Amino acid sequence: MTEQTTGTAVVTGASSGIGLQYAEQLAKRGFDLFLVARRTDRLSELATRLQARYGNKVTKVVADLSKAGDVQRVVEVIRTEPAITMVVNNAGIMLMGPATDATLDQIDTLLRVNIDALVHISLAALIRFKAKGGGTLVNIGSVLGFAGYPGTSAYSATKAFVLSFTRGLQTEHADSTVKIQLVAPAGTATEGWDSSNVDSSIIMSAEDCVAASLKSLDMGEEVALPSVENLALLASYIKASTTLMGSAQTGTPASRYRG
Ligand SMILES: NC(=O)c1ccc[n+]([C@@H]2O[C@H](COP(=O)([O-])OP(=O)(O)OC[C@H]3O[C@@H](n4cnc5c(N)ncnc54)[C@H](OP(=O)(O)O)[C@@H]3O)[C@@H](O)[C@H]2O)c1
């Protein structure tokens with residue numbers, strides 16, 4: 001197990017919840033930081049606190065990741081700051097309730113933040129890391145990417161995208177020195193999610209979620225499942241989906257569709 005303790009990390013969605021914990025725990029490990037979010041006051045407060053407590057260099061990048069121009073500014077930081085060794089794509093919006101109850105603007109914003117921004121930032125990070133000969137990309141998905149609850153179709157689909165995209169990137173970089181990790185938390189106590197009607201025993205603190213995810217990274221796991229005890233379930237999931245895909249390569253209609 002190798003604990004990652006040095007470098008400079010970009011953390012998106014650092015102004016609250018899981019992203020704030022990444023900022024806090026990476027700063028504690030010794031990382032300098034670029035903190036990305038919309039709320040300037042929150043970022044300033046966090047930057048001041050982390051600098052005072054750990055002595056790290058902390059830079060704010062105020063950006064709205066639903067806007068292409070702002071995403072491009074974050075991409076430019078990744079392309080031009082040679083010290084960056086880790087990028088954590090954490091910023092995300094939750095949208096609960098039937099998709100037909102949401103406005104198209106809400107759906108568009110969801111797709112732009114949870115998918116478009118994550119793709120642009122992931123690719124910028126990987127191109128940079130490949131050129132440098134190393135680096136770590138962490139994409140925050142969700143267990144809802146494996147199977148969505150009813151009433152979460154649009155949000156769960158964005159997390160299924162993060163799962164599929166990140167797993168695909170891992171296979172494309174299997175022989176490289178670039179590390180890519182998918183983190184799939186379950187219910188976590190943050191501002192983004194109203195857990196007031198949920199059994200509190202199944203909700204993890206953001207602090208524990210990030211501590212487990214960083215430990216998972218140290219252990220070299222490609223997929224961090226902070227709250228899942230039985231890792232064999234992940235192996236079964238991967239095996240079943242790969243077997244299903246392989247079994248479709250027949251070129252003929254299945255017998256039940258013939259005659
Ligand atoms: N909490 C859970 O149960 C849970 C479970 C599984 C996965 N996740 C995932 O974990 C990640 C973090 O969520 P969280 O629970 O920590 O939520 P949170 O407390 O609401 O934090 C979301 C972060 O994303 C940022 N953000 C939202 N929209 C943005 C935008 N347009 N541009 C830039 N930044 C934006 C917010 O910053 P500003 O508002 O300041 O911009 C905030 O820092 C998300 O990807 C979420 O899907 C959460």
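Please read all numbers here as calculations on a predicted model, not as lab measurements. Just the heavy atoms: all of them, side chains too, but no hydrogens, waters or symmetry mates, feed the values below. Counting starts at 1 for both ligands and their atoms, following the listed order.
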Check: Does a side-chain N-to-carboxylate-O contact under 4.0 Å join R128 and E76?
Finding: no

Next item on the list: Side-chain contact test, heavy atoms from C-beta onward, threshold under 4.5 Å: evaluate it for Y155 versus T158 and give yes or no.
Entry: yes

Item checked: Among T166, N114, N139, side chain to side chain donor-acceptor pair (under 3.5 Å) partner for N89 -> N139

Next item on the list: Examine the side chains of K60 and S44 and answer whether a donor and an acceptor come within less than 3.5 Å of each other.
Entry: yes

Margin query: Would R29 and D218 count as a side-chain contact (heavy atoms from CB on, under 4.5 Å) here? Give the steps.
Written below: CA-CA 12 Å; R29 283 178 173 219; D218 296 338; 2.7 Å; yes

Next item on the list: Would you mind listing every salt bridge (Lys or Arg N to Asp or Glu O under 4.0 Å) that reaches into residues 167-178, with sequence neighbours excluded?
Entry: R167-E222

Note to self: Can you list every protein residue that has a heavy atom under 4.0 Å from any atom of ligand 1, sorted by chain and residue number?
What the structure shows: G13, A14, S15, S16, G17, I18, A37, R38, R39, A63, D64, L65, S66, N90, A91, G92, I93, M94, V113, I140, G141, S142, Y155, K159, P185, A186, G187, T188, T190, E191, G192, W193

